[in-house]
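Read the structure below first, then the notes.
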Amino acid sequence: MCYNISMRFQAYFTPVIKVLLYVMAAVSLVGAIVGLLVIAGVQIELSQNRAILLLSICPLCTVIALLFATLHYKVDKNFLRLNLGFIDVLGGRVRIDKILNIVIENGRMYISYLYKDGVDPIIAAIVINPKQYGKMKDLLLSLNPNIVFYEEQNHTADSEQ
């Protein structure tokens, strides 16, 4: 299977969290606009101090909500990155050639990797849509064939008997 050198995987949030993030961004944006209108002289029943407070806090809340709403993993030739907007939160900590294992267990994906020249692996949960697990696993394995993959098999009561 052929993959692009660089792929993006959207972080997985429940629909409720996604809606809350976008609602927070929208409400904060409206608050910033109201604050700006009051400072510009539009008659709205809001004191100048409260307008300044809205204008100073709301844009920050909007940016934070939008950054979290755009949280995503990016896999390129050398790194697995966790981006908050355009900022690499992990700062290049997860090198593809340092990934030891990919594990899918209890419906969650984990990777273990060595950071710098450490000897103890770090285990990190990868929070993407479970439907994307196979695509990410295949991409990482294509970039580093030494990664060991393990997937927990679902055991039912019938199969144990």
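Values below: all heavy atoms of this structure, side chains included; hydrogens, waters and symmetry mates excluded.
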Which pairs of donor and acceptor atoms, one on a side chain in residues 16-31, lie under 3.5 Å apart (sequence neighbours left out)?
residue, atom, partner, partner atom, Å
S28, OG, M24, O, 2.9

### Query
Who passes side-chain hydrogen bond (donor to acceptor under 3.5 Å, both in side chains) against N101, sequence neighbours left out?
S112

### Heavy-atom pair of closest approach, residues F68 and F13
O-CE1, 3.2 Å

### Qualifying side chain to side chain donor-acceptor pair (under 3.5 Å) pairs with a residue from residues 120-131, counting only residues at least two apart or across chains
none

### Task
Please round to the nearest 0.5 Å and tell me the distance separating atom NZ of K116 and atom CD1 of I122.
10.5 Å

### Task
Nearest 0.5 Å please: distance from the NZ atom of K74 over to the CD atom of Q10.
13.5 Å

## Note on the structure
dist M136:CE -> L141:CG (nearest 0.5 Å) comes out at 12.0 Å

### Task
Please name all residues satisfying side-chain hydrogen bond (donor to acceptor under 3.5 Å, both in side chains) with N144, sequence neighbours left out, ordered by chain then number.
none

### Query
With R93, which residues qualify under salt bridge (Lys or Arg N to Asp or Glu O under 4.0 Å), at least two apart?
none

### Summary
One should read off an interatomic distance between K135 NZ and F9 CZ, to the nearest 0.5 angstrom, of 6.5 Å

Please tabulate, for side-chain N and O atoms in residues 79-92, each donor-acceptor pair with protein atoms closer than 3.5 Å (sequence neighbours left out).
residue, atom, partner, partner atom, Å
R81, NE, D76, OD2, 3.1
R81, NH1, D88, OD2, 3.1
R81, NH2, D76, OD2, 3.4
D88, OD1, L90, N, 3.3
D88, OD1, G91, N, 3.4
D88, OD2, G92, N, 2.9

### Message
Tell me whether K98 forms a cation-pi arrangement with Y115, defined as NZ or CZ under 6.0 Å from the six-membered ring centre and within 45 degrees of its axis.
### Response
no

### Message
Can you confirm whether Y133 sits close enough to I128 that some side-chain heavy atom of one is under 4.5 Å from a side-chain heavy atom of the other?
### Response
yes

#### Entry: Whichever hydrophobic residues join L114 through chains of side-chain contacts under 4.5 Å
L100

### Query
Could you walk me through whether I104 and F149 pass the side chain to side chain contact (heavy atoms under 4.5 Å, CB included) check?
CA-CA 8 Å; I104 299 176; F149 173 71; 3.8 Å; yes

### Message
Using every non-hydrogen atom in the two residues, find where A124 and Y113 come nearest and quote the distance to one decimal.
### Response
CB-CE2, 4.1 Å

### Summary
Distance col, row I111:CD1 vs K137:NZ, nearest 0.5 angstrom, shows 15.0 Å

### Task
Give the cluster check for V94 versus V148: same hydrophobic cluster or not, with ILVMFWY residues linked at side-chain heavy-atom distances below 4.5 Å.
no

### Query
What's the spacing between M109 CE and Y73 OH if we round to 0.5 Å?
10.0 Å

#### Entry: Set of salt bridge (Lys or Arg N to Asp or Glu O under 4.0 Å) partners for R95, sequence neighbours left out
D97

### Message
According to a hydrophobic-cluster definition based on side-chain heavy atoms being under 4.5 Å apart (Ile, Leu, Val, Met, Phe, Trp, Tyr only), do V103 and I96 belong together?
### Response
no

